[in-house]
Every structure is written in C-alpha cells, then in structure tokens.
Amino acid sequence: MIRFIKQKAVLPVVAACLFLFYSCSSSNDTSDPVIPNPTPTDTTTQTTSAGYDEQYRPLIHYTPAKNWINDPNGMVYVDGVWHLFYQYNPYGADWGNMSWGHATSTDLIHWKEQQVAITKNALGDIFSGSAVVDKNNTAGFGANAIVALYTSNGDHQQQSIAYSTDGCKSFTSYSGNPVISNTDKADFRDPKVFWDETSGQWVMSLARGWTYAVDFYGSKDLKSWTFLSSFNAASYSGCNHGQWECPDLVRFSLNGKYVWVLIVNINPGGPILGSGTMYFVGDWDGKTFTATHQEYPMWMDTGMDNYAGVTWSNAPDGRKVLIGWMNNWSYAGSSPVTPWRSAMTLPREMGLTERNGVKMLTSKVVKEIDGIGGTWKDVTSELGLSQPYQLHIDIPAISKGKIVLSNSHDEEFEMEIIPAANLFISKRTSKSGKTDFSGSFVQPSMKSAIYDDNGILSLDIYVDRSSIELFNQNGLLVQTNTVYPTSIYNKVTLDGISATMKVRPLDNIWK
Ligand code: FRU
C-alpha cells in the first residue's frame with residue numbers, strides 16, 4: 001500500500017481533509033445507502049461537454065470536461081448503451097479522491113459525460129474494477145441489476161460491490177461490503193468479473209501487484225467469494241517486475257476451440273518504460289489458468305500510452321471490445337493539458353490469431369469509427385487537413401525507409417522500417433512537439449516486429465491533436481502514443497519507401 005501511494009502521487013491536504021470528513025460522516029451507515037453523487041450543479045464537477053477546444057484537447061477520444069482520469073473501469077453494455085466508468089478525481093487534475101466517473105455512448109465513439117457514479121466511502125477510495133449484468137438475479141438485487149465490483153482502497157485493499165437497478169443512473173452501495181476482505185495482502189485489487197460457463201459461476205481475477213500474480217475467485221451470487229487459484233510469473237521470470245494490475249481473463253474462439261487470454265497490466269516494466277499491457281495465452285478449466293506458450297512477455301501494444309485496458313462486459317455478438325487509458329504512469333501526472341488530464345484510447349476490437357505456431361492478440365479500431373469518417377482522398381504528402389484523420393498507407397514491397405508525420409512548426413513523428421532486422425521503430429523525439437514536461441516523455445526507439453504478410457504492409461494511423469494510434473493490417477503491429485505538437489501533424493513524407501496513401505477526415509465527436 002505504501003509503495004502504491006509512492007508510485008502514484010501524494011494526495012493534496014485538502015483531499016485528505018475531504019476524505020476524513022466523508023469517512024466520518026458516512027461511517028454509521030448500516031443499510032444499503034444510495035451513493036451520494038456529485039451532481040451537475042456542483043461547482044467541483046462539470047458534466048457537460050461544452051467547449052472541448054483547448055490546446056491538445058482530443059477531438060475523437062473520450063476525455064472528461066475537466067479533472068483527472070486514469071484506468072477505464074466497469075465497462076458494461078446495457079440495452080444499447082456502452083457504459084464507460086473510469087478512475088476519476090472529481091476535485092482536481094491530479095490523481096487522488098479516486099471515484100468512478102461515468103460516460104455513455106451508443107456507438108463507442110461519441111461520448112456523453114454523466115454524473116460521477118461511485119464516490120469514496122468509509123471503506124476507502126474507489127479503485128478500479130468491473131461491472132456485470134446480473135441477468136438471473138443471482139445476487140438478489142433484481143433481475144438485470146448491474147453490479148459494479150471495485151477495490152475499496154482504505155487501510156487495506158478489499159473488494160466491494162454496488163448495484164444499479166436504473167440502468168447505471170445511480171448505484172447503491174451493498175451493506176455487506178467488503179465482499180472479499182483483506183488484512184494482510186499489500187496489493188489486492190482491480191476485480192474483473194465474468195460469468196464462467198465452464199464452472200457455472202462468476203469468476204473474478206484480482207491483481208496482486210508486486211507479488212506478480214493474478215488470483216482467481218469464484219462466486220454463485222457476487223457476494224460470497226471462494227479462492228480458486230493463483231497464476232504467477234514463476235515460469236515467466238521476464239514478467240517478474242512491476243506491479244501487476246488490472247487483469248482480465250477473456251475467452252476467444254480459434255479454429256473451433258476456446259482459447260483463454262489473461263491480460264495483465266504492469267507498471268513499471270512495460271515494453272519500453274513505465275506502463276504496459278502484457279498477456280498470457282492458455283487454458284482455463286473453471287478453476288485454474290494455465291499458460292501454454294513459452295514466449296514472454298507478449299505485449300498488446302508496443303507504444304508508450306495504452307494502459308489498464310480491459311474488455312467490455314455483456315458486449316453484443318460476442319464482441320471483445322477493449323479501451324485503454326492513453327497515458328503512462330511515467331509522466332501522466334505532468335501531461336501538459338488542462339483543465340482535464342488524460343484521455344482514453346480509441347476502443348479496439350480484440351481478436352486472436354496464430355502466427356508461426358504462436359497465438360497472439362490482435363487489435364483493430366472498432367468499425368463504428370466509420371460513422372465519423374469523411375471521404376477518402378489519395379495523398380502524396382500534404383494532407384490538407386487541420387482536424388483528426390485516418391491515414392492509410394499501403395506498402396506493397398517493404399523496403400528500408402521512413403515515414404514522417406510533420407507540421408509547419410517543424411515538429412515531427414518518425415517511423416522507421418528496417419526489414420533486415422524485422423523492426424518497426426517509432427520515434428517520439430524532442431522534435432515531436434512539447435516534450436519538456438517530463439524527462440521520460442522523449443522515447444526515440446519504440447520497437448515492434450513488422451508483422452508483414454509476405455512482404456506487404458498496410459498501416460492505418462489515427463491522428464488526433466495529441467495522439468497517434470497505429471495498426472497494421474493484421475492487428476499485430478499496434479502502437480499508441482501521445483504527442484503534443486503545436487498543431488496537428490498535417491504532412492506525411494516517405495523516405496526510401498514506395499507506397500500509396502489515402503486519408504479521410506474524422507469528425508469532431510463533441511459537435
Ligand atoms: C492502475 C491502478 C490500479 C488501481 C488504480 C488506482 O493504473 O494503479 O491498480 O486500482 O490505478 O487509481
């Protein structure tokens with residue numbers, strides 16, 4: 001716990017006072033209290049999307065109107081609405097007072113900020129977690145109640161639940177909290193829950209931080225939980241570093257068989273520096289997860305800024321939709337934006353593929369992005385745009401060379417392809433824009449394998465005012481990076497590479 005606080009930030013004194021006041025005033029509650037959310041009229045919480053045009057303000061990514069966010073939490077699809085909760089500080093642009101903020105969307109692209117959903121209580125701050133639709137009323141809160149499961153971060157990290165019977169408009173804290181108590185484990189957090197057909201019960205994955213493990217628990221009713229097993233990095237010593245956080249056990253189908261993927265976010269110890277998302281591929285027998293590969297760590301994204309991503313619960317058509325926090329704990333606290341701090345990534349459709357005998361996760365931006373896509377036009381250099389866009393580059397015969405995005409301020413972001421070494425390298429140098437806010441922001445060597453298909457490489461690059469998200473045709477080359485250019489990069493230069501390129505504008509989601 002102490003290490004956790006050091007890792008993040010020291011809470012401002014005012015926040016500590018608020019916490020004490022709140023803890024004392026709510027410590028006598030005995031029945032299930034409706035969580036007293038800050039309302040839109042609070043001066044401390046702005047829930048409209050007015051404005052949204054400050055410097056660096058993302059125009060195609062979710063950001064709150066103001067204040068700090070980190071991990072996406074409790075993502076759940078209910079009756080045509082994609083709910084996105086997230087770690088939120090209702091009172092400022094630094095980490096602290098952790099609560100669940102809330103936004104909704106009917107297309108995963110346009111978001112509406114809602115009232116803060118769950119705020120701290122006597123058991124502590126509201127840390128990361130998940131939400132499920134309890135279709136069969138296993139918990140007794142009502143059929144189709146939405147049950148949020150989160151970590152109460154008080155003296156110890158314990159697991160608690162809150163439920164909603166009005167489609168996530170309000171949550172009621174369960175009077176029997178915590179549902180998994182803890183008095184000795186230092187790191188024990190971020191419950192991610194799904195209904196497991198294999199064992200006929202709810203299964204929770206819990207991250208064990210510096211213990212480098214994920215614990216699994218089972219429950220018939222979401223209230224009473226039994227320890228099932230623990231998966232650790234003993235066989236994967238390369239993963240034995242950094243805190244293990246925000247796990248997600250996801251079932252995929254591949255060649256007619258179920259294959260399970262355990263997503264584990266780690267910080268520090270990511271692919272380059274700081275935060276990153278690794279995964280293990282294997283089997284789940286209803287009690288134990290067994291990884292069945294020897295390659296490790298396997299990274300979901302080899303850029304710097306995709307963290308704490310987990311998948312939506314109850315998504316239609318078996319979709320596996322993931323969203324990440326588009327930042328990195330190495331410098332998140334000093335990201336040069338105001339009055340909000342941090343954005344979410346574009347939502348991604350996750351898949352599983354097999355390449356040279358290795359099963360790997362794939363990521364693609366969800367198809368709903370087409371809803372904000374304008375007309376494609378062929379380009380050779382100048383994009384002629386001053387708004388976000390998707391740039392598509394077809395390289396029919398890969399050769400050694402560079403792709404450079406730039407603007408009229410001589411700011412640039414370079415991507416180098418070195419086929420002989422099977423390397424794709426993104427370079428976020430001090431020329432990318434504003435970089436002086438943190439010593440670890442400049443990253444001139446973000447490497448990935450190229451993952452071409454018989455020498456052919458196609459790239460889709462989604463560029464917003466302060467981010468670049470890059471995907472290749474098979475979803476294996478994935479890099480998400482924040483950047484802070486004075487104006488959006490609007491020119492592309494090819495050096496040593498023959499390619500055809502086209503671009504389409506992506507509309508401002510706040511208009
Ligand atoms: C991951 C994380 C979680 C924790 C939350 C606190 O970024 O450290 O483990 O629940 O952030 O804000």
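Each ligand, and each atom within it, is numbered from 1 in the order the structure gives. Because only heavy atoms are used, hydrogens play no part in the values below, and waters and symmetry mates are left out as well, while side chains stay in.
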Could you verify whether a donor N or O on one side chain and an acceptor N or O on the other, from [X] and [Y], lie under 3.5 Å apart?
| X | Y | answer |
| --- | --- | --- |
| N182 | H156 | no |
| S230 | N232 | no |
| N267 | W329 | no |
| H110 | E368 | no |
| T151 | Q159 | yes |

- Query: Looking only at heavy atoms of W325, does any of them come nearer than 4.0 Å to an atom of ligand 1?
  - Reply: no
- Message: If we only consider heavy atoms of D71, is any one of them less than 4.0 Å away from an atom in ligand 1?
- Response: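 Yes, D71 has heavy atoms under 4.0 Å from ligand 1.
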Please work out whether any backbone atom (N, CA, C, O) or any side-chain heavy atom from C-beta onward of [X] is under 4.0 Å from ligand 1, and answer side chain, backbone, both or neither.
| X | result |
| --- | --- |
| N267 | neither |
| A308 | neither |
| Y307 | side chain |

With a cut-off of 4.0 Å, which atoms of ligand 1 are near a heavy atom of [X]?
| X | answer |
| --- | --- |
| F127 | 4 (C), 6 (C), 10 (O) |
| D190 | 3 (C), 4 (C), 9 (O), 10 (O) |
| Q87 | 5 (C), 6 (C), 12 (O) |

- Which pair of heavy atoms, one from R189 and one from Q157, lies closest together, and at what distance? NH1-OE1, 3.2 Å
